[in-house]
Amino acid sequence: MADLPVTDECELAARKDFRYFSRKIFADPNNRYYHEQRINAALLLNEKEPLQGAIADFFYGCWYDIPYDVEEMFTRIQGRLHPQIEQAFHNCINKLDYIKHSSIFATRWSVLVTPSLNVDTHRLRISSDDAKEIAKNITNELIVARDSGDWNTIEQIENEFFAHCLACNDRLAFSIVWFRLGKSDWQFDERWGDCQQRLEQTGSSSKSLSASKPELK
């Protein structure tokens with residue numbers, strides 16, 4: 001296996017730390033130290049979803065700390081999330097709102113809070129740049145895990161990726177990862193075909209809905 005660039009190695013290390021502290025938080029939801037370490041790892045990633053999910057979990061698990069002594073952390077995340085998401089978290093600090101167990105601010109990376117049933121509100125808008133960045137990271141992670149024989153990690157990463165693609169209708173990231181892994185002789189199981197089929201069905205439904213809308217004059 002060719003050596004990864006330093007930036008990719010840092011990305012993989014940050015993801016490993018993120019998953020480690022995710023497991024710690026799941027077992028000890030109110031441990032502020034674990035939440036802060038997980039957020040630190042998320043800040044090293046280029047994607048917005050892990051950071052948003054980590055903060056949502058922190059605001060839920062450590063709700064009693066939120067109005068106090070979090071301004072420094074909030075300053076660090078400013079500009080890293082969508083403005084409306086940052087404002088929503090700021091409202092929690094100011095006691096204008098709070099994160100519930102079922103929240104529109106949960107992401108596939110959250111371990112304490114779950115996505116709201118309001119899927120249209122929860123659905124993230126993924127730009128082509130975001131999709132390409134996600135695809136690059138997922139491909140690197142999967143290939144490194146395969147070369148290490150870490151099959152449990154492979155299954156976890158794949159499941160997280162499928163959840164992301166379906167929640168965000170990210171067909172571009174799915175196509176890129178499928179193509180790149182195919183060139184590396186990846187063994188695709190039925191979950192890949194199922195995800196692809198569901199994405200195609202979602203795309204067809206969206207086109208049908210757009211075609212049925214009356215034209216504005």
Peer 1: Let me confirm one number: the CD1-CD1 distance from I143 to I154, rounded to the nearest 0.5 Å.
Peer 2: 10.0 Å
Peer 1: F174: what forms a ring-ring contact (aromatic ring centres under 6.0 Å, His included) with it, not counting sequence neighbours?
Peer 2: W178, W192
Peer 1: Who are the side-chain hydrogen bond (donor to acceptor under 3.5 Å, both in side chains) partners of D97, not counting sequence neighbours?
Peer 2: none
Peer 1: Which residues pass the side-chain hydrogen bond (donor to acceptor under 3.5 Å, both in side chains) test with D17, not counting sequence neighbours?
Peer 2: none
Peer 1: Enumerate, atom names and distances included, each donor-acceptor pair closer than 3.5 Å involving a side-chain atom of residues 37-45, sequence neighbours excluded.
Peer 2:
{"residue": "R38", "atom": "NE", "partner": "S22", "partner atom": "OG", "Å": "2.8"}
{"residue": "R38", "atom": "NH1", "partner": "D57", "partner atom": "OD2", "Å": "2.8"}
{"residue": "R38", "atom": "NH2", "partner": "S22", "partner atom": "OG", "Å": "3.3"}
{"residue": "R38", "atom": "NH2", "partner": "D57", "partner atom": "OD2", "Å": "3.4"}
{"residue": "R38", "atom": "NH2", "partner": "W109", "partner atom": "O", "Å": "2.6"}
{"residue": "N40", "atom": "OD1", "partner": "R76", "partner atom": "NH1", "Å": "3.0"}
{"residue": "N40", "atom": "OD1", "partner": "R76", "partner atom": "NH2", "Å": "2.9"}
{"residue": "N40", "atom": "ND2", "partner": "E36", "partner atom": "O", "Å": "3.3"}

Peer 1: For A131 and A173, which heavy atoms make the closest approach, and how far apart are they?
Peer 2: O-CB, 3.6 Å
Peer 1: Would F89 and F74 count as a close aromatic pair, with their ring centres under 6.0 Å?
Peer 2: no
Peer 1: Once rounded to the nearest 0.5 Å, what's the spacing between atom CG of N140 and atom CG of L142?
Peer 2: 9.0 Å
Peer 1: Compare every heavy atom of F21 with every heavy atom of Y33, then report the nearest pair and how far apart it is.
Peer 2: CE2-CE2, 4.4 Å
Peer 1: Quick one: does N159's side chain get under 4.5 Å of E155's, heavy atoms only?
Peer 2: yes
Peer 1: What residues, two or more places apart in sequence or in another chain, satisfy side-chain hydrogen bond (donor to acceptor under 3.5 Å, both in side chains) together with N91?
Peer 2: Q87
Peer 1: Tabulate below the donor-acceptor pairs under 3.5 Å that side-chain atoms of residues 179-188 make, not counting sequence neighbours, or state none.
Peer 2:
{"residue": "S184", "atom": "OG", "partner": "R180", "partner atom": "O", "Å": "3.4"}
{"residue": "W186", "atom": "NE1", "partner": "E158", "partner atom": "OE2", "Å": "3.2"}

Peer 1: What closest approach, in Å, do C62 and N30 show between heavy atoms, and which atom pair accounts for it?
Peer 2: SG-O, 3.7 Å
Peer 1: Under the salt bridge (Lys or Arg N to Asp or Glu O under 4.0 Å) test, which residues partner D189, sequence neighbours left out?
Peer 2: R191
Peer 1: Report the residues that fulfil salt bridge (Lys or Arg N to Asp or Glu O under 4.0 Å) with R15, sequence neighbours left out, ordered by chain and then residue number.
Peer 2: E11, E47, E141
Peer 1: State the OG-CD distance between S110 and E49, to the nearest 0.5 angstrom.
Peer 2: 9.0 Å
Peer 1: List in chain and number order the residues that pass side-chain hydrogen bond (donor to acceptor under 3.5 Å, both in side chains) with D150, two or more places apart in sequence or in another chain; answer none if no residue qualifies.
Peer 2: T153
